[in-house]
Participant: 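Provided herewith is a single structure, encoded as structure tokens, for subsequent inquiry.
In what follows, every heavy atom counts, from backbone to side chain, and hydrogens, waters and symmetry copies are set aside. Chain A is the first sequence line, chain B the second, and so forth, proteins listed ahead of strands; every chain is numbered from 1.
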Amino acid sequence: MEKPIEPPATKKKNGVILDFIRTIIEEDIRRGKHGGRVHTRFPPEPNGYLHIGHAKSICLNFGIADQYNGFCNLRFDDTNPSKEEVEYVESIKEDVHWLGFDWEKREYYASDYFDNLYAYAVDLIKKGKAYVCDLNAEQIRDYRGTLTEPGKESPYRNRTIEENLNLFERMKTGEFPDGSRTLRAKIDMCSGNLNMRDPVIYRILHVPHHRTGDKWCIYPMYDFTHCLSDSIEGITHSICTLEFEDHRPLYDWYLDQLKVFHPQQIEFARLNLSYTIMSKRKLLNLVKEGVVSDWDDPRMPTIQGLRRRGYTPESIRDFCSRIGLAKRESIVDIALLDHCLREDLNKRAPRVMAVLKPLKIVITNYPENNVEWLEAENNPEDETMGSRKIPFSRVLYIEHEDFREDPPKKYFRLAPGREVRLKHAYYITCDEVVKDPETGRILELRCSYDPATKGGWSKDGRKVKGTLHWVSAEHALPAEIRLYDQLFSRENLDDLEEGKTHLDFLNPNSLDVLEDCRVENSLAEAKPESRFQFLRQGYFCLDKDSTTGRLIFNRTVILRDTWAKIEQKMLNKASQKNGT
RNA sequence: UGGGGUGUAGCCAAGCGGUAAGGCAGCGGACUUUGGAUCCGCCAUUCGGAGGUUCGAAUCCUCCCACCCCAGCCA
């Protein structure tokens, strides 16, 4: 059988740099291996929801199949019925489709092969390469030895083939209790690779399976199942993550002993993201403990969470193509994902105006009861998206943040006596600040507009530095807006101080719900999952909790905010002067 | 101290003996009816370290160092 080859150098093809896996594949095609055929598989275990790390693997496997005119199977690795559920297989299928990939008719389950696998095991016994072992779990561990000491051979290792066949058959028929016996491969108890010290092939588990019901009470282990499932399906390149590197000799051993079609296992480094955890177990725990609302909480790195948050499948695929592929472990900056999303939505998302924290302004020289419908472009990046009419009237709301009574340097929004532009509308000047005499809170602004600046232009060439978004008080729709931020405040959650866990670094501000927002009336007909750019603020997505009477938006990501940076720098400078 | 891997910028990542691609982040500047977008510049004399081979080394050799994975009847 062919030995796994060292990852060869990356090569360029048509100027595009190939990663090490595609380089191997191109070399295999060139040499005519498997007749030039390329067949991959995405093999999730249905014991949890898919996350962005899985997206990397999905894009890789389906992407390669597509690129080399091959196929990619969806195969559920369902050999442990005590952890797996149909709920998960349904969500996985939905997520893969949503990401934009199609396995067509090739939906397989490892459990489909239970009969084949049993026959292969019998074959191994007949070849004298497997035996039934009566050691219990604890004893097997003792016999296995340690990392630095060799193991000891099981006293049951040299049973006759007939006895093994008989015992294995009786394991299958349910004669023995859970954990009482196993079928083991007879390899090498002295191997430096623990996986080769007579690994378990089958264990007894009197547990019903979500697909095979109670047909089986023995279930095959991963190593035995995976290589043979790959072989049965004619997989050419079996791509998995780094921790399986040690398993490759076993993967190869089973296939060599059984003399069956031999795919090649290739390992790559899984995705890690800054400020994010990717462990299924920890993610499940966040849901169970109520730290987040569910698997699709918009702060979760699950596909469903990202989807609800407003990420597009296109942006996730772009991200996966940009993070690279290698064998070194790394933590990708979450800023790259946000960049991909902004790049996508900048071109595609319609622009609308929404005021998150409304400040009422009255245009004192604008006629009462008058309404003008002004032209507003839907996307300056794409003319074909057209325009819409937005209502302007005497009473408006602007963003509270866009007014300062005592503006700092470089602040060029509204302030007493200052003139700014209302986007698509008029120039206005702030004439008066009305405050609550008791609390001093600003209640409203009295402004005047320049009728000669309709549309936001001035013939006299007068410049205004600030342009604000706004909504007409009478026409605007009330909305709830959920502002999301990273769930964790720590960049690297895998390298924590003694005694700390990721839960010690939860970001207390990961969710801020604004109940009293105002959005422009064109949003009345918006459909859940539709995405918008709220001008000057960020990208938002209509949440599924929305009802006709109550719009709810999730903030996906903010726009780049140069002013926030400038202000932060000024604050830093000031605090340095104060010696704090 | 056994076996298997990996070290190139703040974060990813090319490079495979001919003199350090690209992206993200950051920093300048232009432009702007989004402080958005766009554009233009800057950002590794050095590749974990030390020796060696060579006219020439991130690339080859030797030794060393650091980090990750493996002792489930999980996947």
Side-chain angles (χ1 to χ4, degrees), chain A residues 8-12 17-19 43-45 47 77-80 82-84 133 135-137 140-142 144-151 178-184 190-197 199-205 218-219 221-223 225-226 240-249 267 269 274 280 322-340 342-343 346-347 351 353 377 380-381 410-413 421-425 455-457 464-469 491 494 533-538 558-566:
Chain A
T10 1
K11 298 265 165 43
K12 279 187 186 175
I17 289 164
L18 296 177
D19 56 67
E45 181 188 10
N47 70 343
D77 223 328
D78 56 349
T79 56
N80 187 354
S82 57
K83 288 186 176 174
E84 296 149 6
C133 181
L135 257 25
N136 63 32
I140 286 186
R141 196 184 321 126
D142 289 342
R144 185 157 34 226
T146 68
L147 293 179
T148 52
E149 304 157 39
D178 287 3
S180 60
R181 282 182 231 259
T182 55
L183 180 73
R184 293 225 262 164
C190 295
S191 172
N193 182 346
L194 288 306
N195 295 122
M196 301 300 272
R197 318 242 264 228
V200 171
I201 300 173
Y202 266 91
R203 77 281 215 188
I204 301 171
L205 232 45
I218 56 173
Y219 292 95
M221 299 290 289
Y222 166 84
D223 290 296
T225 307
H226 205 90
C240 63
T241 45
L242 250 30
E243 68 270 27
F244 292 103
E245 232 160 357
D246 285 343
H247 295 241
R248 194 175 57 224
E267 312 84 12
S274 58
K280 270 192 198 175
R322 292 220 219 180
I323 52 181
L325 186 70
K327 297 193 72 159
R328 76 182 79 99
E329 290 184 58
S330 60
I331 302 176
V332 175
D333 193 339
I334 187 91
L336 180 60
L337 214 211
D338 289 345
H339 170 82
C340 293
R342 288 194 190 103
E343 196 172 82
N346 175 50
K347 285 176 290 189
R351 266 111 248 231
M353 293 204 279
E377 62 190 349
E381 303 293 321
K410 295 180 183 172
Y411 182 87
F412 46 80
R413 276 115 96 145
R421 170 169 40 234
L422 294 181
K423 179 83 177 173
H424 303 307
W457 297 97
V464 285
K465 279 194 112 176
T467 299
L468 311 186
H469 60 275
E491 194 170 338
D494 289 325
Q533 183 193 103
F534 288 1
L535 228 52
R536 303 209 303 136
Q537 303 188 106
I558 57 169
L559 250 25
R560 270 189 65 204
D561 190 348
T562 308
W563 163 244
K565 260 180 205 171
I566 294 170

Participant: With a 4.0 Å cut-off on heavy atoms, is A/Pro44 in touch with a base, just the backbone sugar-phosphate, or nothing at all?
Facilitator: nothing

Participant: Can you give me the closest heavy-atom contact between A/Glu84 and A/Asn47, atom names plus distance?
Facilitator: CG-CB, 4.3 Å

Participant: Return the NZ to OG1 distance between A/Lys565 and A/Thr562, rounded to the nearest 0.5 Å.
Facilitator: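 The NZ atom of A/Lys565 sits 6.5 Å away from the OG1 atom of A/Thr562.
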
Participant: Could you check A/Lys327 against A/Glu267 for salt bridge (charged side-chain N to carboxylate O under 4.0 Å, His left out), going step by step and ending with a plain yes or no?
Facilitator: CA-CA 7 Å; A/Lys327 297 193 72 159; A/Glu267 312 84 12; 3.7 Å; yes

Participant: Between A/Arg342 and A/Ile558, what is the shortest heavy-atom contact and its length?
Facilitator: NE-O, 2.8 Å

Participant: Of all the heavy-atom pairs spanning A/Asn80 and A/Ser82, show the shortest one and how long it is.
Facilitator: OD1-OG, 2.6 Å

Participant: Heavy atoms under 4.0 Å, any strand shown: does A/Arg342 hit a base, just sugar-phosphate, or nothing?
Facilitator: nothing

Participant: Is B/G26 syn or is it anti, if syn means the base angle is within 90 degrees of 0?
Facilitator: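 B/G26: anti glycosidic orientation.
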
Participant: For A/Asn80, which contact category applies under a 4.0 Å heavy-atom criterion: base, sugar-phosphate, or nothing?
Facilitator: sugar-phosphate

Participant: Ignoring the backbone of A/Leu535, work out which of B/C70, B/G35, B/U34 is nearest its side chain.
Facilitator: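 Of the options given, the side chain of A/Leu535 lies nearest B/U34.
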
Participant: At under 4.0 Å between heavy atoms, what does A/Gln537 touch on the DNA or RNA strands: base, sugar-phosphate, or nothing?
Facilitator: nothing

Participant: Pick base, sugar-phosphate or nothing for A/Ile323, based on heavy-atom distances below 4.0 Å to the nucleic acid.
Facilitator: sugar-phosphate

Participant: Mind checking the C1' distance from B/U32 to B/C68? Whole angstroms is fine.
Facilitator: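 Per the computed distance, 48 Å lies between those C1' atoms.
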
Participant: Distance check, P atoms only: B/A25 and B/U38, in whole angstrom units.
Facilitator: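 Pairwise P distance, B/A25 against B/U38, rounds to 10 Å.
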
Participant: With a 4.0 Å cut-off on heavy atoms, is A/Asn136 in touch with a base, just the backbone sugar-phosphate, or nothing at all?
Facilitator: base

Participant: Looking only at the side chain of A/Glu84 (C-beta and beyond, no hydrogens), which of the listed nucleotides B/U34, B/A75, B/C27 gets closest?
Facilitator: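 That would be B/A75.
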
Participant: Can you tell me if A/Arg144 touches the phosphate of B/G72, counting only side-chain N or O atoms and a distance under 4.0 Å to OP1 or OP2?
Facilitator: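 True: A/Arg144 side-chain N/O within range (under 4.0 Å) of B/G72 OP1/OP2.
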
Participant: May I ask you to say what A/Ile566 touches in the nucleic acid, namely base, sugar-phosphate or nothing, with a heavy-atom cut-off under 4.0 Å?
Facilitator: base

Participant: Would you mind reading off the distance between A/Asn195 atom CG and B/C74 atom P, rounded to a whole angstrom?
Facilitator: 14 Å

Participant: Could you tell me which non-hydrogen atom of A/Val200 sits nearest to which non-hydrogen atom of A/Met221, and how far apart they are?
Facilitator: O-CG, 3.2 Å

Participant: Using 0.5 Å steps for rounding, measure from the CG atom of A/Leu242 to the CZ atom of A/Arg328.
Facilitator: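 Here the rounded value is 11.5 Å.
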
Participant: Given a 3.5 Å cut-off on both pairing distances, which stems involving RNA chain B, each at least three consecutive Watson-Crick or G-U pairs, are present, if any?
Facilitator: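 For RNA chain B the paired stretches long enough to count as stems (3 pairs minimum) are B:2-7 with B:65-70, B:10-12 with B:22-24, B:26-30 with B:38-42, B:48-52 with B:60-64.
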
Participant: Looking only at side-chain atoms of A/Leu147, point me to the closest of B/A75, B/G23, B/C70.
Facilitator: B/C70

Participant: Over all strands shown, is A/Phe534 touching base, sugar-phosphate only, or nothing at heavy-atom distances under 4.0 angstrom?
Facilitator: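 Answer is nothing: A/Phe534 stays at 4.0 Å or more from every strand.
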
Participant: Could you tell me whether the phosphate oxygens of B/C74, OP1 or OP2, come under 4.0 Å of any side-chain nitrogen or oxygen in A/Arg203?
Facilitator: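 Yes, such a contact exists.
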
Participant: Mind checking if A/Phe412 touches a base, just sugar-phosphate, or nothing, with heavy atoms under 4.0 Å?
Facilitator: base

Participant: Which part of the nucleic acid does A/Ala326 contact within heavy-atom distance under 4.0 Å: base, sugar-phosphate only, or nothing?
Facilitator: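 Answer is sugar-phosphate: A/Ala326 comes under 4.0 Å of backbone atoms only.
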
Participant: Mind checking the P distance from B/C42 to B/U59? Whole angstroms is fine.
Facilitator: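 My reading of the P atoms in B/C42 and B/U59 gives 28 Å.
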
Participant: Taking the C1' atom in each of B/A9 and B/U45, what is the distance between them to the nearest angstrom?
Facilitator: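 Between the two C1' atoms, the distance is 14 Å.
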
Participant: For B/U34 versus B/A21, give the span between their C1' atoms, rounded off to a whole number of Å.
Facilitator: 34 Å

Participant: Need one value for A/Leu325: base, sugar-phosphate or nothing, where a base atom within 4.0 Å counts as base even if backbone is also close, heavy atoms only.
Facilitator: sugar-phosphate

Participant: Please give, in whole Å, the distance from B/G23 P to A/Asp338 CG?
Facilitator: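 So the CG-P distance, A/Asp338 to B/G23, works out to 19 Å.
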
Participant: Just so I know, are the side chains of A/Ile204 and A/Ser180 near enough to count as touching, which here means a heavy-atom distance under 4.5 Å?
Facilitator: yes

Participant: Taking all non-hydrogen atoms of both residues, which atom of A/Arg203 and which atom of A/Thr79 are closest, and how far apart?
Facilitator: NH1-O, 3.5 Å

Participant: Is the centre of the A/Tyr411 ring less than 6.0 Å from the centre of the A/Trp563 ring?
Facilitator: yes

Participant: Using heavy atoms to find the nearest nucleotide of RNA chain B for A/Asp246 and A/Thr562 separately, return the residue whose nucleotide is more 5′.
Facilitator: A/Asp246

Participant: Rounded to the nearest 0.5 Å, what separation is found between the CG atom of A/Asp333 and the OG atom of A/Ser274?
Facilitator: 4.5 Å

Participant: Among B/C73, B/G4, B/C24, which is the nearest nucleotide to the side chain of A/Thr182?
Facilitator: B/C73

Participant: With a cut-off of less than 4.0 Å, is there a side-chain N or O of A/Thr79 near OP1 or OP2 of B/A75?
Facilitator: yes

Participant: What is the nucleic acid contact for A/Leu135, judged by heavy atoms within less than 4.0 Å: base, sugar-phosphate only, or nothing?
Facilitator: base

Participant: Which nucleotide wins on minimum distance to the side chain of A/Ala335, given the candidates B/G35, B/C24, B/C74?
Facilitator: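 From the listed options, B/C24 comes nearest.
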
Participant: Please pick, from B/C24, B/G36, B/G35, the nucleotide with the shortest atom-to-atom distance to any side-chain atom of A/Lys410.
Facilitator: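 Closest nucleotide among those given: B/G35.
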
Participant: Rounding to an integer number of angstrom, what distance separates B/G48 and B/G7 when you compare their C1' atoms?
Facilitator: 6 Å

Participant: Side chain of A/Lys83: nearest nucleotide among B/U34, B/C74, B/C73?
Facilitator: B/C74

Participant: For residues A/His226 and A/Asp77, report the shortest heavy-atom separation together with the two atoms involved.
Facilitator: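 Closest approach of A/His226 to A/Asp77, heavy atoms only: ND1-OD2, 2.8 Å.
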
Participant: Pick the C1' atom in B/G22 and in B/U8, then give their distance to the nearest Å.
Facilitator: 14 Å

Participant: Which distance, rounded to the nearest 0.5 Å, do you find between the CD of A/Glu377 and the NZ of A/Lys423?
Facilitator: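 A/Glu377 CD to A/Lys423 NZ: 5.5 Å, rounded to 0.5 Å.
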
Participant: Checking all strands, does A/Leu242 fall into the base, sugar-phosphate, or nothing category for heavy-atom contacts under 4.0 angstrom?
Facilitator: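 A/Leu242: no heavy atom of the nucleic acid under 4.0 Å.
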
Participant: Has A/His469 got a side-chain N or O lying under 4.0 Å from the OP1 or OP2 atom of B/U34?
Facilitator: no

Participant: Output yes when at least one side-chain N/O atom of A/Arg141 is less than 4.0 Å from OP1 or OP2 of B/G72, else no.
Facilitator: yes

Participant: Base, sugar-phosphate alone, or nothing: which one does A/His226 contact when heavy atoms must sit under 4.0 Å apart?
Facilitator: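 Nothing, no heavy atom under 4.0 Å.
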
Participant: Say we look at B/U19 and B/G10: how far apart would their P atoms be, to the nearest angstrom?
Facilitator: 25 Å

Participant: Among B/G35, B/U1, B/C70, find the nucleotide with the atom closest to the side chain of A/Thr148.
Facilitator: B/U1

Participant: Using a distance-only criterion (donor-acceptor N/O pair, under 3.5 Å, no hydrogens), is the base of B/G36 paired with the side chain of A/Glu381?
Facilitator: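 Answer yes: a donor N or O sits under 3.5 Å from an acceptor.
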
Participant: With RNA chain B as reference, determine whether A/Arg536 or A/Pro43 sits nearer its 5' end, using the nearest nucleotide of each.
Facilitator: A/Arg536

Participant: Heavy atoms from C-beta onward define the side chain here; which of B/G23, B/A75, B/G36 lies closest to that of A/Asp77?
Facilitator: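 That would be B/A75.
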
Participant: If you go through the side-chain atoms of A/Asn193, does one of them form a donor-acceptor pair with the base of B/G4 closer than 3.5 Å?
Facilitator: no

Participant: Just N and O in the side chain of A/Lys565: are any of them under 4.0 Å from OP1 or OP2 of B/G26?
Facilitator: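 For B/G26, OP1/OP2 do have a side-chain N/O of A/Lys565 under 4.0 Å.
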
Participant: So if I take every side-chain heavy atom of A/Arg351 and compare against B/G36, B/G23, B/A75, which nucleotide ends up nearest?
Facilitator: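 Shortest atom-to-atom distance from the side chain points to B/G36.
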
Participant: Could you list all N or O pairs between the protein and nucleotides 7-10 of chain B that sit under 3.5 Å apart?
Facilitator:
unit_1 : atom_1 : unit_2   : atom_2 : d
B/U8   : O4     : A/Arg328 : NH2    : 3.4

